[in-house]
Number of protein chains: 2
Amino acid sequence: MATDSKLQQEIKKRTPFHSPEQEAYLNLMRTSDLLQNQMGRFFREYGLTASQYNVLRILRGEGQPLPSLEIAERMIQVVPAITGLIDRLEKQGLVERRRCENDRRVVFVEITPQAIKLLAKIDKPLEDMHKHMLGHLNRGELKQLSSLLEKARTLDGG
Amino acid sequence: MATDSKLQQEIKKRTPFHSPEQEAYLNLMRTSDLLQNQMGRFFREYGLTASQYNVLRILRGEGQPLPSLEIAERMIQVVPAITGLIDRLEKQGLVERRRCENDRRVVFVEITPQAIKLLAKIDKPLEDMHKHMLGHLNRGELKQLSSLLEKARTLDGG
DNA sequence: CGCATATACTTTACGCGTAAACTATCGCTG
DNA sequence: CAGCGATAGTTTACGCGTAAAGTATATGCG
């Protein structure tokens, strides 16, 4: 590199990156962190966290109750966190737990009408939020970014 | 889109994405999450977390003690978390706190020789790790990814 | 000098991520 | 039907992120 990269200046890193891999990795971390923070603030206005919103979005999209683990699988994450997540949503009256009759190990989670109404209120502002965050990239750039990110995942778990 | 995107399949999303912005955003979240998990497991082998490693890396790079807030500024994050982080590093004997004489509000954080040795042990494997995670993208792709991510940040806080 | 404001950090309260251990239920096998 | 392993979910312990409030020290201003 002839000049310091933008990221290098941002984090006041003195030495250049060891490799383009490292630079891409750190760029990824920093960018996702910034966007996540923005999304966090956005959802807070509705009394939700990003994770909670995700659960509700999945349930609405499915159109019927889902087992806890099924939800966990679809969220980028791991099992035990889902319990607390559902706990808090239940406390807010946004979902209900229901034991499965046939297999009493399974807990179905059902979205409530109240949550449906909340999601409806969020839909449009959320779309606007996405545009606000990434709308300065044109369609081709967005496609390319998505494509590179998908490729980045192909080895390790995607 | 003619066919479902890769991400859409991964998360069993039924409806297509509302916009390329949304798709890029979700791709970003998912990718960073996967890579973060891998890095977390990597650092755990050395008794560190990614955040702890970051603090140490900054201190080593600086070559001299730094005020807590200066460290916080350089980590992608916010203030109060730094206290606990330093606490835990101090407990492990990897850093030392030292009150500034001139301005007794300031706490300088100094890296210990033990931590320097630990970092030295990590350097090479970490480089390998970056290659492992992203080495299947060629140099041009990595540059482009970095560049798109930097552009993504230009509006909102970068 | 004395007090208000700012600064550097810490503390507290809370949400969520990870891993590991535990509980309850199911299904299979003898 | 007794027992064993698998499966669904919860609990616990810990680290770290956020926000908001609190403490200690410094600084500027009348």
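All values reported here derive from a predicted model rather than from experimental measurement. Sequence lines set the chain letters: A, B, ... in the order given, protein chains first and strands last, and positions in each chain run from 1.
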One pair to check against side chain to side chain contact (heavy atoms under 4.5 Å, CB included): Leu66(A) and Arg74(A). What are the steps and the verdict? CA-CA 11 Å; Leu66(A) 278 176; Arg74(A) 300 196 195 183; 4.1 Å; yes
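Rounded to whole Å, atom P of dA26(D) lies 11 Å from atom CD of Glu101(B). Separating the CE atom of Met75(A) from the C1' atom of dG15(C) is a distance of 12 Å, rounded to the nearest angstrom. Rounded to an integer number of Å, the gap from Gln52(A) CD to dC14(C) P is 14 Å. Rounded to a whole Å, the CZ atom of Phe43(B) is 23 Å from the P atom of dC14(D). Taking atom CG on Leu85(B) and atom C1' on dG17(D), their separation rounds to 10 Å, with Å as the unit. Protein atom CD of Glu45(A) is 13 Å distant from nucleotide atom P of dA19(D), rounded to whole Å. When the C1' atom of dC16(D) is taken as reference, atom CE of Met39(B) falls 16 Å away, rounded to whole Å. Between the CG atom of Asn102(B) and the C1' atom of dA8(C) there is a distance of 15 Å, given to the nearest Å.
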For nucleotides 1-13 of chain D, 5' to 3', base contacts (B), sugar-phosphate-only contacts (S) and non-contacts (-) with protein non-hydrogen atoms under 4.0 Å give -----BBSSBB--
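In this view, Phe43(A) and Tyr53(A) satisfy the ring-ring contact (aromatic ring centres under 6.0 Å, His included) rule, not counting sequence neighbours. Taking the side chain to side chain contact (heavy atoms under 4.5 Å, CB included) definition, one finds that Gln52(A) meets it with Leu48(A), Thr49(A), Leu85(A), Arg88(A), Leu89(A), Gln92(A), sequence neighbours left out. With sequence neighbours excluded, no residue forms a salt bridge (charged side-chain N to carboxylate O under 4.0 Å, His left out) with Lys117(B). Take Arg97(B) and apply the side chain to side chain contact (heavy atoms under 4.5 Å, CB included) test, not counting sequence neighbours, and it matches Thr83(B), Ile86(B), Asp87(B), Glu90(B), Val107(B). For Glu110(B), the salt bridge (charged side-chain N to carboxylate O under 4.0 Å, His left out) partners two or more places apart in sequence, or in a different chain, are Arg98(B).
Look at Asn37(A) and you'll find a side-chain N or O under 4.0 angstrom from OP1 or OP2 of dT18(D). OP1 or OP2 of dG17(C) lies within a sub-4.0 Å distance of a side-chain N or O belonging to Ser51(A). An OP1 or OP2 oxygen of dC26(C) is reached within less than 4.0 angstrom by no side-chain nitrogen or oxygen of Arg104(A).
The closest side-chain heavy-atom distance from Leu142(B) to Leu137(B) is below 4.5 Å.
In this structure, Gln36(B) reaches neither bases nor backbone, as no heavy-atom distance under 4.0 Å exists between it and the strands shown.
Comparing Arg44(A) and Cys100(B) against DNA chain D, the residue whose closest nucleotide sits nearer the 5' end is Arg44(A).
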